[in-house]
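Notes follow the structure.
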Amino acid sequence: MIERRNVFDGVAIGEDMLSMEHITKIYDNGFVANKDVNFSVRKGEIHGLVGENGAGKTTLMKVLFGQEIPEEGRILIAGQPSKVQSPLDALAYGIGMVHQHFMLVNSLTVAENMVLGDEPVKGMLFDRARARQMTAEVAKQYELDVDPDALVSDLSVGYKQRVEILKMLLRGAKLLLLDEPTAVLTPQETKELFVQLKKLREKGFSIVFISHKLGEIKEICDRITVLRLGRYEGTVDVKDVSEADISRMMVGRDVFLDIKKEKAQPKETVLQVRGLNFYNKLGIHTLKDVSFDLRKGEILGVAGVEGNGQSELSDMLAGLLTIQSGEVNICGESIRGKKIREIRELGVSLVHEDRMTYGVSRTQSIKENIVSDRYYKKDYSSHGVLGLKKILSDTQALIKEYLIKCDSPESEVRTLSGGNMQKVVAAREFSASPKLLLASHPTRGIDVGAAEMIRKKIVALRDEGTATLLFSADLTELLSVSDSIFVMCEGRIVAYFPDASAVDEQVLGEYMLGLKTMSEEEMGGVLHG
C-alpha cells in the first residue's frame with residue numbers, strides 16, 4: 001500500500017505547494033536536458049508547461065515524478081526540501097502523473113484498473129467488491145462518473161482518460177501532471193475534460209498541463225512556464241500574453257500558426273479505394289466497405305476518434321496489413337499481394353503514427369535511418385558498394401533543412417527527443433518525392449515551430465503534385481492543411497466535406513462521435529472516378 005503523507009493539506013490556496021530550484025539533469029551521453037531550471041506550482045492553479053521538443057519538459061516532469069534523479073538542484077514540497085527518487089515517493093507526497101499514452105489494461109474492468117498495484121484483499125484473495133466500492137466512491141466524490149464493471153477496451157478515449165485521472169485521485173494525488181491530455185480527444189471530449197479540471201482546481205487541486213496546443217493553454221491555464229533549449233525562459237500569467245507571444249518565447253522567433261496555401265488544383269486520381277473491409281485478430285469488423293478517391297495535388301484529411309478504423313486503413317494502404325476484401329489501386333496498379341517495398345516503389349511514403357515501431361530504428365544512426373528506404377538505389381549504391389560521401393552529404397543537408405537538433409549524422413536516433421525523431425521520419429519520407437503520402441499524426445507531440453515546418457512541407461509537396469492522405473487527431477491541423485475531409489466512425493466513412501474551409505471543429509466532432517451521419521448521396525463526392 002502507498003504511504004500517503006498529506007503534506008499539501010497545510011498549504012493555503014495561492015501559495016507555492018511545490019518548487020523545483022536550479023534543476024540540472026545531464027544524461028550519460030553528455031546531453032544536458034535541464035540546465036538550472038526553476039519551476040513552481042501554486043495550490044489551486046492550472047499551470048501550463050510549454051517548450052519546443054527537446055526543451056526539457058518531459059525530463060523536468062520525470063524528475064518531479066521520481067523517474068529521473070537530477071545532478072543538481074532540489075525539490076521543495078510544502079516549503080520543505082524533499083527527496084523524490086521514485087514514482088512511489090511522488091505518489092506518497094501526493095504527486096500523480098497521467099501519461100499521454102494511457103497505462104491501462106484493456107482486458108480488465110475499470111475497477112480492476114483503478115486499484116492495480118494497490119489492490120484491496122480479503123484474506124488471501126483480491127477483494128473485487130471493495131475495488132468496485134472504492135471506484136464508485138472516488139467517482140462520486142469528484143463528479144467523474146464511470147462504470148466500475150465496464151471493460152476498459154469498451155471505453156471511449158475520453159473515458160479512459162477519466163479513469164487515469166481517477167486512478168491518481170484514488171491514490172491521494174493533490175498535484176496532477178497531465179502530459180498532452182487532449183492529443184487524442186474530440187472538441188467535445190476536450191471541453192468536458194476542461195470542465196472536470198476546473199472543478200478540481202476549485203477543490204484546491206493543482207494541475208501541470210503540458211501541451212503544444214497554445215489555444216488550449218490560453219483557455220485552461222492560469223500561468224505558464226516556458227522552457228527553451230533545456231533552460232528556464234520565464235513564467236507569465238496567461239492573461240498577459242497572446243498565443244504569438246508564447247510561441248515566440250518557445251522558439252525565439254515569430255511562428256505563423258495559420259498555414260497559407262493556394263486553392264488546390266487536383267488532377268488525375270492517384271489512390272482509388274473500393275469496398276475495403278477488415279476484421280482484426282479478435283474478429284472485430286474495424287473497416288466497413290470503405291471507398292474513396294484521392295487525386296494528384298490534393299490533401300485529403302481523415303478525421304475520427306482514435307480506434308475507428310483509421311489505423312487499419314493507413315496500414316493496409318502501406319502494405320502493413322493484408323487486404324482481406326476490396327481493392328486498392330495506386331497510380332492505376334493494384335497493390336493486392338504486393339510487398340511493402342513494391343508498394344513504396346510505386347511512389348508511396350509513410351509517416352506512421354507509431355514512429356518508434358515503424359518510423360525509426362532507435363539504435364541506428366540518423367544517417368542510416370535517413371537512407372533506409374533508398375540505400376540500394378543507384379544514386380547510393382554501385383555494384384553493392386555504398387556511396388558513403390553521397391549518403392553523408394544528403395543526410396547533412398536534410399538535417400539542416402528539417403532543423404534536426406543532433407550532435408552529428410552519426411548520432412543514434414535514441415539520443416534525440418521525440419520531436420526530433422519525428423523530423424528524421426519526415427525528412428526521409430518527404431524527400432523521397434512521393435506520388436502518394438500517407439501521413440498519420442505527423443505533428444503529434446511536437447512543438448509549434450516543428451509543426452509549422454512539417455505542415456508547410458506537406459503543402460509544398462501538394463503543390464508539386466503529391467497526393468496526401470492526412471490522418472490527424474488535431475482538428476485545427478486537419479482544417480488548416482487539408483483541402484477536403486472525410487470523417488470515420490465505427491469503421492465507416494460517415495461524412496465528406498469537399499471544402500475543408502467550409503466546416504468547423506464542432507461539426508466534425510458531431511460526426512466523429514456518431515451524433516450525425518451523412519447519406520451516401522450527400523457524400524458522393526468522395527468518389528471522383
Side-chain angles (χ1 to χ4, degrees), residues 25-34 52-63 67-69 71 99-101 103 179-180 229-230 311 314-315 318-321 339-341 343-344 348-377 379-381 384-432 438-447 450 454:
K25 174 62 189 176
I26 304 172
Y27 285 101
D28 292 341
N29 61 4
F31 177 70
V32 181
N34 293 139
E52 289 186 279
N53 294 110
K57 306 183 300 296
T58 299
T59 299
L60 189 67
M61 290 301 98
K62 283 184 175 180
V63 169
Q67 293 174 303
E68 299 285 358
I69 307 300
E71 275 63 41
H99 297 270
Q100 180 180 346
H101 302 290
M103 304 295 183
D179 186 8
E180 295 285 341
L229 300 176
S311 296
S314 175
D315 285 355
L320 296 171
L321 287 177
K339 297 178 180 178
I340 293 172
R341 180 181 284 188
I343 294 173
R344 291 188 71 96
V348 179
S349 283
L350 171 67
V351 177
H352 199 278
E353 63 181 307
D354 184 353
R355 60 176 168 249
M356 293 300 192
T357 303
Y358 297 103
V360 295
S361 174
R362 297 177 72 245
T363 57
Q364 290 185 293
S365 69
I366 296 169
K367 180 179 69 177
E368 289 168 324
N369 274 274
I370 288 286
V371 300
S372 61
D373 69 328
R374 63 198 71 172
Y375 67 90
Y376 59 91
K377 297 182 178 180
D379 286 350
Y380 297 94
S381 178
V385 179
L386 292 176
L388 298 180
K389 286 185 178 179
K390 167 73 170 169
I391 290 172
L392 179 61
S393 64
D394 281 9
T395 302
Q396 288 172 326
L398 288 171
I399 287 172
K400 183 177 181 181
E401 180 181 352
Y402 285 81
L403 308 175
I404 299 169
K405 295 175 183 175
C406 62
D407 292 332
S408 82
E410 307 293 344
S411 298
E412 290 187 7
V413 164
R414 65 184 177 86
T415 65
L416 304 180
S417 70
N420 282 294
M421 287 185 193
Q422 188 74 346
K423 291 179 188 178
V424 170
V425 175
R428 180 185 63 233
E429 301 300 322
F430 293 179
S431 65
L438 306 173
S440 292
H441 309 283
T443 64
R444 175 182 286 174
I446 67 175
D447 60 78
I454 286 178

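Worth saying up front: this structure is predicted, and the values here are computed from it rather than measured.
Closest approach of I340 to G319, counting heavy atoms only: CG1-O, 3.6 Å. Across all non-hydrogen atoms, the minimal contact from A432 to D373 is CB-OD2, 3.9 Å. Across all non-hydrogen atoms, the minimal contact from L350 to A318 is CD2-CB, 3.8 Å. Nearest approach of F430 to Y402, heavy atoms of both residues: CB-OH, 3.2 Å. In plain terms, the two heavy atoms of T59 and A33 that are nearest each other are OG1-CB, 3.6 Å. S440 approaches S314 most closely through the heavy-atom pair OG-OG, 3.2 Å.
No donor-acceptor contact under 3.5 angstrom links the side chains of E412 and T415, judged on distance only.
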Please lay out, stage by stage, how V413 and I366 fare under the test side chain to side chain contact (heavy atoms under 4.5 Å, CB included). CA-CA 6 Å; V413 164; I366 296 169; 4.2 Å; yes
Verify side chain to side chain contact (heavy atoms under 4.5 Å, CB included) between S431 and R374, making sure each step is shown before the conclusion. CA-CA 11 Å; S431 65; R374 63 198 71 172; 3.0 Å; yes
Before giving the answer on side chain to side chain contact (heavy atoms under 4.5 Å, CB included), spell out for S408 and S411 the whole-Å C-alpha distance, their side-chain angles and the decisive distance to 0.1 Å. CA-CA 5 Å; S408 82; S411 298; 3.8 Å; yes
Evaluate the criterion side chain to side chain contact (heavy atoms under 4.5 Å, CB included) for residue pair Q422 and V351; output intermediate values, then yes/no. CA-CA 9 Å; Q422 188 74 346; V351 177; 3.8 Å; yes
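Using a cutoff of 4.0 Å between basic side-chain nitrogens and carboxylate oxygens, E410 and K367 are scored as salt-bridged. Between E429 and R344 a salt bridge is recorded (basic side-chain N to carboxylate O distance below 4.0 Å).
The CZ atom of R355 lies 11.0 Å from the CZ atom of R362; values are rounded to the nearest 0.5 Å. One finds the NZ atom of K405 at 5.5 Å from the NZ atom of K423 (value rounded to the nearest 0.5 Å). The line from OG of S349 to CD1 of I343 is 12.5 Å long, rounded to the nearest 0.5 Å. One finds the NE2 atom of H441 at 9.5 Å from the NE2 atom of H352 (value rounded to the nearest 0.5 Å). Atoms CG and OG1, from N369 and T363 in turn, are 8.5 Å apart once rounded to the nearest 0.5 Å. For the atom pair D394 CG and R428 CZ, the distance stands at 14.5 Å (nearest 0.5 Å).
Atom NZ of K25 is surrounded by more than 12 heavy atoms from other residues, nucleotides or ligands within 6.0 Å. Heavy atoms of other residues, nucleotides or ligands lying less than 6.0 angstrom from CG of D407 number 12 at most.
Among the candidates I404, I399, L403, the single residue satisfying the side-chain contact (heavy atoms from CB on, under 4.5 Å) test with N420 is I404. A side-chain contact (heavy atoms from CB on, under 4.5 Å) with V371 holds for exactly one of L392, I391, L386, D379; it is I391.
Using a distance-only test at 3.5 Å, with no hydrogens or angles considered, a donor-acceptor pair links the side chain of N34 to the main chain of G56.
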